[in-house]
Amino acid sequence: MNNINKSAFDASSSYILNNGRYLEKLLLGHYFISPCSSKIVKALKMYQNKDGGYGNGLEPDFRMSFSSPMATSIALRLLSAFGDVSGVEEQIKSAITYLESTYIEAIQGWELTSKMVNLFPHAPWWTYKEPLKTIGGNPSAEIVGYLYKFRQFVAKLDVIQLKNIYINKLIETKIQEEHELMCYIRMYNHMSDIDQDVMMPYLNVAYQNIVNTNPEEWNNYVPYPLKFIELAKNQIFEISDELLNDNLNFLLNKLSLIGHIVPPWSWNAYLEEWEIAKREWSGILTLETLLILRKYQMI
């Protein structure tokens with residue numbers, strides 16, 4: 001297994017510092033230079049609206065200023081790593097109030113966003129067409145994980161009932177979509193040991209059905225192994241050393257080639273705004289790749 005050389009790391013860091021959002025710049029500094037958790041928490045506050053939810057482009061593929069469950073799940077994902085920092089509890093409480101107000105009983109979950117998204121530049125897959133009629137794991141399963149983790153702040157929803165609903169859905173429904181599986185993995189991270197034991201075999205089945213193990217296809221928008229493996233706090237997915245090394249070296253080579261990771265998708269609409277989102281995504285993906293390489297001691 002190779003390590004990233006200094007010039008490639010410097011190029012990647014420079015890309016984030018010169019092109020990334022303020023949030024990713026802080027996260028880079030926090031994990032690679034000097035901890036600055038309070039600044040990260042304050043930066044996330046800038047994305048929070050008065051209703052407690054998050055918007056304002058926190059999810060770069062839709063530029064809507066209004067709150068959405070999807071953007072709020074991203075904020076809670078980040079905040080959950082800084083639970084003891086001043087200001088975190090206030091943001092989490094407000095976010096939970098927003099999620100309680102946007103919960104849809106008919107689908108026992110949350111829509112990803114709202115029809116307001118159509119008023120702002122966005123990727124075509126985020127165009128709002130009609131209300132959901134069936135329960136979905138993206139982002140609802142992930143949201144339930146955070147509600148369970150911070151259940152002392154939940155007043156209007158039955159968190160245990162919701163947790164059981166989504167575990168049963170995982171058991172009864174064959175997950176075939178990568179983002180839904182990612183949401184269930186993030187939910188798994190916050191469950192009790194007993195619930196994790198129940199969820200694990202079904203997550204493994206979904207992983208085996210969805211993961212792409214062909215290195216020749218990884219430059220495309222496909223779910224290669226590390227997209228799932230790096231999300232789980234426990235080692236729940238089986239992978240050979242050879243495949244793991246192939247995936248790590250794939251990421252390492254991409255960084256070494258041009259110094260950052262370019263998103264393998266495009267809007268093909270709102271071209272000026274897409275260029276902004278593309279730079280933001282490049283900063284996010286480059287940081288995520290650096291963190292994966294650090295986890296495997298390749299930095």
Side-chain angles (χ1 to χ4, degrees), residues 4 7-32 39-40 42-49 53-75 77-78 112-129 138-139 177-179 182 217-224 226-227 250-293:
I4 189 170
S7 62
F9 178 79
D10 289 346
S12 301
S13 301
S14 295
Y15 182 87
I16 295 171
L17 294 173
N18 292 325
N19 298 280
R21 301 183 298 188
Y22 180 56
L23 178 59
E24 276 67 50
K25 294 175 184 179
L26 290 176
L27 288 165
L28 175 72
H30 177 78
Y31 288 111
F32 291 97
K39 290 183 179 180
I40 294 169
K42 289 178 181 177
L44 281 168
K45 182 67 176 176
M46 294 189 293
Y47 293 94
Q48 191 169 34
N49 292 314
Y54 292 76
N56 304 295
L58 183 57
E59 210 295 355
D61 276 339
F62 57 87
R63 316 303 290 181
M64 180 174 71
S65 58
F66 297 105
S67 300
S68 69
M70 173 57 70
T72 303
S73 72
I74 295 170
R77 186 187 311 162
L78 292 166
L112 289 86
T113 183
S114 71
K115 64 180 67 175
M116 299 299 290
V117 75
N118 295 344
L119 301 177
F120 297 83
H122 61 279
W125 49 87
W126 283 114
T127 299
Y128 187 94
K129 297 178 181 178
N138 180 19
E177 200 276 326
E178 64 179 279
H179 299 95
M182 289 174 179
E217 298 179 2
W218 289 347
N219 277 313
N220 302 319
Y221 189 73
V222 297
Y224 49 72
L226 280 167
K227 281 191 176 182
F250 163 77
L251 295 176
L252 177 62
N253 291 336
K254 286 180 73 71
L255 275 189
S256 300
L257 185 63
I258 59 172
H260 62 277
I261 305 294
V262 178
W265 67 86
S266 176
W267 290 6
N268 295 318
Y270 303 106
L271 298 184
E272 289 185 11
E273 290 82 1
W274 161 242
E275 287 302 318
I276 296 171
K278 181 180 177 181
R279 287 195 300 273
E280 293 177 352
W281 270 119
S282 293
I284 293 168
L285 296 173
T286 301
L287 176 63
E288 289 177 349
T289 301
L290 288 174
L291 290 172
I292 290 172
L293 296 177

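As the structure is a prediction and not an experimental result, all values here were calculated from the model.
The local environment of CZ in Phe66 is sparse, with at most 12 non-hydrogen atoms from other residues, nucleotides or ligands closer than 6.0 Å. Within a 6.0 Å radius of NZ in Lys45, more than 12 heavy atoms belonging to other residues, nucleotides or ligands are found.
Here Ser67 pairs with Asn49, Asp51 under the side chain to side chain donor-acceptor pair (under 3.5 Å) rule; sequence neighbours left out. Tyr22 pairs by the ring-ring contact (aromatic ring centres under 6.0 Å, His included) definition with nothing, not counting sequence neighbours.
When all heavy atoms are compared, the tightest approach of Gly283 to Tyr15 is N-CE2, 3.9 Å.
Judged by distance alone, with hydrogens and angles left aside, the side-chain atoms of Ser12 form a donor-acceptor pair with the main-chain N or O of Gly259 at under 3.5 Å. In this structure, the side chain of Ser282 does not engage the main chain of Val262 through any donor-acceptor pair within 3.5 Å.
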(request) Tell me, with the steps shown, if Glu275 and Trp267 meet side chain to side chain contact (heavy atoms under 4.5 Å, CB included). (result) CA-CA 9 Å; Glu275 287 302 318; Trp267 290 6; over 6 Å; no
(message) Working note: Trp265 + Asp61, criterion side chain to side chain contact (heavy atoms under 4.5 Å, CB included); need CA distance, chi angles, decisive distance, verdict.
(response) CA-CA 10 Å; Trp265 67 86; Asp61 276 339; 3.2 Å; yes
(message) Quick one, Leu78 with Ile40, criterion side chain to side chain contact (heavy atoms under 4.5 Å, CB included). Give me CA distance, side-chain angles, the key distance, then yes/no.
(response) CA-CA 9 Å; Leu78 292 166; Ile40 294 169; 5.8 Å; no
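A 4.5 Å side-chain heavy-atom check between Leu27 and Ile16 finds every atom pair outside the cut-off. A heavy-atom distance below 4.5 Å is not found between the side chains of Asn138 and Met182.
At a threshold of 4.0 Å, the pair Glu280-Arg63 counts as salt-bridged, since one of the basic side-chain nitrogens sits closer than that to a carboxylate oxygen.
For the atom pair CD1 of Ile284 and CD1 of Ile261, the computed distance is 13.0 Å after rounding to the nearest 0.5 Å.
Ring planes of Trp126 and Phe62: perpendicular class, angle over 60° (limits at 30 and 60°).
Remark: the Asn268 side chain and the Trp274 side chain contain no N/O donor-acceptor pair separated by less than 3.5 Å.
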